[in-house]
Amino acid sequence: MGKLDTEGFEIDRFQLLGNTVAVSLLIVLILFTVIFSESHVSLGKVLNLSEVLQSRIYHNQQVASNLRRHLGYGGMIHNFKNFLLRGEKKYLDQAINNIELAKKDLNKFKNLDFSSEAIMEMINLEKVIQQYEKKLNEVRRLRLQGLSLQAIDKKVVVNDLPAIQALEKIDIILNDERQTFSQKYDGQLRAIRGIFYVVLPVLFIVIFASVFFVVWFTRKSILASKIYSEKYLKESNTYLQSEVAKQTKELKTLNERFELALTGTKDGIWDWDLITNQVYFSSQYKKMLGYEDEEFTNDPSEWEKRIHPEDLEMVNQEVSRHLEDSTYPYEVIFRMMHKDGSYRYILTRGNAIRDDQGRLHRFVGGHTDITPLKEAEKTIQEQKELMNLIIENLPVGIFAKDVTNNYRYVMWNKMLESIFGARREDVLGQDDRDLFSKKFGKEVRQIDKSVMKMGKKLDIPHEELITWKSENLVAHTIKIPIYDENKKPRLLLGIVEDITEKKGLIEELESHRNNLDELLRKRSAELVLAKEEAEKASRSKSEFLANMSHELRTPMHAIINFNQMAQMALERESYDKITKCFTRIDASAKRLLNLLNDLLDLSKYEAGKTEVILVKENILSCVEQSIDELRSLLEEKRLTVDVVTKIENPELAFDRVRVVQVIINILSNAIKVSPPNKVIKIEIKNSTKKIKGVEISVSDQGPGIPEGELETIFDKFVQSTQTNTGAGGTGLGLAICKEIIESHQGVIYAKNKAKGAGAVFSFVLPIGLDEK
């Protein structure tokens, strides 16, 4: 096909020159416009920066004022002084609250743009605030320890001078910034205003000249173009006739190719004429549903009646939405009935076509049979559900981490919930540093990265882990790297088996296997030790019976002898001597009664017939009652009792009579063994043992307890050698004390002082026992 001939159609030189001049003037006009706009923008920018700086300086001064108010004598210092004067806890709490407000104000400072010097002053101020906070927490701790206000004032000194100095430095820096800004932009502002006033008149002159030249040269161009257009129109007609012939031939070729494409493709084509309500269904469309051309008419009802009833409403809604709004895509998956009665999954896509007036006249699209794809998806879904069921019920823990997302967990089965005590919803989306300590999380991350880098399975036979319950366990862990189709790291699969119990059994079995002879020797030694203990217990029982018979016989003989003396004195002795005899008879009888009561109490505890009555009582009053009952013995030996209390709430549930009996027994033993003019210390504090409760300790300055007797001092039929050497006693008192404390679910024990002579007897009463 020939080209359009344009020879001979040249634009007049005068026209070309005019257009060139017009374009040059337009360029000059654009340059002046840019200069004007840039000047205007710069002016606005300078004014805007000035307003921003003024606002920022005002805001910073307000924040600085708030900091002074929170830190100075209107805030933290004021409240701390009130606390030292009045001792009320609310002032200390208000002082700590003022510190929190000051920290928030400082954070507002940090969010603004500052110079490096101002930032350093803020860091210094933040350190000062941290020091205040630390001091106030120290005051709170000392107050909880029971220190007086005078002692606290001497230990912790709080003043506001460092904070005020830092704030004043910040104010100075703010003023310097404002002066610097003014010096920097005032000159620019004056220069821009001068340019603005000069450019404006010149700009109007340039615009007027440009318009004049453009109009004049445009008129000349129109005259020249008219001649050119007439010649060009004649040539165009010839050219268009040849192009029409060419396009007709190409259209015929495209129609032939379209028919071949429809025959060869597996997709069905439909074309719905919305004006005549006729539809064209391609032969492949009909074959997709098992029909020949003549069996499937070109009527929309043929399509509609074969749609599954459950999908019909949804499909009609999608068609209506697309016809109403062409921007809404028409792409639907639904079921259509095959000729054999089965349903096929169809993916249809279409597009509504409008004419020049925007009216709908055609709706064109295609059908694709995706039944095999749906069946494959169903099979994959069933396999996925089966796999999840298997994973959830495996006797080992299974997890997976997304390597591309900071090693965050994407799988966590039920067995891992049981092993670690962590729910799936709390774990998914987190990494090891979120779930565990930073140190442990960092170690795990290094191992995971090495596994992905090596690209092979890592088997860890024994790995010590920490659960969410802060419990240690031993696990057998396997980590497997998984890569995508491009050989890039994708997932890290993990298998965890809790072998804590298994490892213990294996180690115990190996220990028994490797040390069988040692176990036999140890067992023999234990038997010998048990025999010695039995013999020792027998001797202790014999010694106890001998001592008890002596203790019972002594007051009985005294009663008999003094009774005989009293009878003889009735005839010839004075009344005072007779009274003295009866007094000694009464003392011996009471001693005998106490011995019998101890024996009866011990037998009741052994038989489990003693009832403990729990009532909420004050343990301090029990200690004071015990001291009062033993006051005469203390004064006789000129002993002093020092009571130290380290608990806030002295009230708890216990049997007052029994606990007073324990305190009297332990305190009387301390009186017996302590030399004259010494101090017996009674300390009441919160227990640091496994049992949560109140611990009462009685320490003396006596000879102490032999190390070999610390474990047996509370046993029945056992008496300390120190008691046998002259302090007196039957050996029943501590055994009864142990029974009383254990009936309260507490513990009792004895130890020697670390420094100096003396022993310490302690017992713990639990907190939380039910009152009866």
Side-chain angles (χ1 to χ4, degrees), residues 110 331 333 347 370 372-504 506-507:
K110 291 182 179 179
E331 182 173 339
I333 297 176
L347 168 63
I370 61 170
L373 179 61
K374 281 290 183 179
E375 292 176 350
E377 288 180 354
K378 183 179 179 181
T379 302
I380 292 172
Q381 182 63 27
E382 291 175 350
Q383 292 177 350
K384 183 178 179 180
E385 292 176 356
L386 177 61
M387 182 63 67
N388 289 335
L389 184 63
I390 293 172
I391 290 174
E392 287 300 311
N393 292 278
L394 283 174
V396 295
I398 304 294
F399 68 84
K401 301 178 183 178
D402 188 351
V403 178
T404 63
N405 190 19
N406 204 26
Y407 288 84
R408 298 184 182 277
Y409 285 95
V410 295
M411 181 188 294
W412 189 271
N413 71 346
K414 288 183 179 179
M415 181 54 68
L416 279 181
E417 289 183 345
S418 175
I419 292 174
F420 284 90
R423 299 181 303 171
R424 189 199 321 263
E425 54 267 26
D426 296 329
V427 173
L428 296 182
Q430 307 291 326
D431 61 17
D432 293 294
R433 290 177 291 188
D434 297 328
L435 300 173
F436 307 102
S437 65
K438 291 185 178 179
K439 180 180 179 182
F440 181 75
K442 184 178 180 181
E443 294 175 354
V444 174
R445 177 65 59 84
Q446 291 176 349
I447 295 174
D448 293 346
K449 287 184 177 180
S450 64
V451 171
M452 299 307 298
K453 185 177 181 180
M454 291 187 298
K456 60 181 181 179
K457 179 180 72 175
L458 175 64
D459 192 335
I460 308 175
H462 300 91
E463 183 179 21
E464 294 186 0
L465 302 175
I466 302 175
T467 68
W468 270 28
K469 305 173 186 176
S470 298
E471 297 176 352
N472 294 328
L473 61 86
V474 180
H476 176 201
T477 305
I478 298 175
K479 295 187 176 182
I480 304 169
I482 299 177
Y483 300 87
D484 59 15
E485 61 275 6
N486 298 322
K487 304 298 182 181
K488 293 184 178 180
R490 179 69 184 88
L491 295 173
L492 177 67
L493 180 66
I495 304 172
V496 179
E497 180 185 5
D498 185 0
I499 60 170
T500 306
E501 184 176 353
K502 184 187 296 185
K503 182 183 179 184
I506 292 174
E507 290 178 351

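It should be emphasised that the depicted structure is a prediction, and the values quoted were computed from it without experimental measurement. FYI, side chains are in, hydrogens and waters are out, and symmetry mates aren't considered; it's all heavy atoms of this structure.
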Q) So which heavy atom on Val496 is nearest to which on Ala475, and how close? A) CG1-CB, 3.8 Å
(Q) If I take atom CG from residue Asp432 and atom OH from residue Tyr407, how far apart are they, to the nearest 0.5 angstrom? (A) 11.0 Å
Q. Yes or no on salt bridge (Lys or Arg N to Asp or Glu O under 4.0 Å) for Asp459 and Lys479, after CA distance, side-chain angles and deciding distance?
A. CA-CA 7 Å; Asp459 192 335; Lys479 295 187 176 182; over 6 Å; no
Q: Give, for atom CD1 of Ile419 and atom CG of Asp498, the distance between the pair rounded to the nearest 0.5 Å.
A: 5.5 Å
Q) Could you go step by step and tell me if Asn405 and Asp431 meet the side chain to side chain contact (heavy atoms under 4.5 Å, CB included) rule? A) CA-CA 9 Å; Asn405 190 19; Asp431 61 17; over 6 Å; no
Q) Under 6.0 Å from the CE atom of Met454, do we count more than 12 heavy atoms belonging to anything else shown? A) yes
Q: Would you please name every residue forming a ring pair (Phe, Tyr, Trp, His ring centres under 6.0 Å) with Tyr483, sequence neighbours left out?
A: none
Q) Can you tell me if Asp484 uses its side chain to pair, donor with acceptor, with the backbone of Asn486 under 3.5 Å? A) yes
(Q) Is the shortest side-chain heavy-atom distance between Lys374 and Glu377 below 4.5 Å? (A) yes
**Q.** Atom pair CD1 (Ile380) and CD (Glu375), whose distance is rounded to the nearest 0.5 Å
**A.** 12.0 Å
Q) Taking Pro481 as the fixed residue, which of Val403, Val451, Leu491 is the one that meets the side chain to side chain contact (heavy atoms under 4.5 Å, CB included) rule? A) Val451
Q.
Do Asn388 and Lys384 make a side-chain contact, defined as non-hydrogen atoms from C-beta onward lying under 4.5 Å apart?
A. yes
Q.
Which label fits Phe399 and Tyr409: parallel for a plane angle under 30°, tilted from 30 to 60°, or perpendicular past 60°?
A. perpendicular
Q. For the atom pair CD1 (Ile495) and CE (Met415), what is the distance rounded to the nearest 0.5 Å?
A. 13.5 Å
Q) Can you tell if the side chain of Lys414 reaches within under 4.5 Å of the side chain of Arg424, non-hydrogen atoms only? A) yes
Q.
Using 0.5 Å steps for rounding, measure from the CZ atom of Arg408 to the CG atom of Leu428.
A. 12.0 Å
Q) When rounded to the nearest 0.5 angstrom, what distance separates CG in Asn406 from CZ in Arg445? A) 4.5 Å
(Q) Name the residue from Ile447, Leu458, Asp448 that meets the side chain to side chain contact (heavy atoms under 4.5 Å, CB included) definition with Leu492. (A) Asp448
Q) Would you say Asp402 and Arg490 make side-chain contact, with heavy atoms under 4.5 Å? A) yes
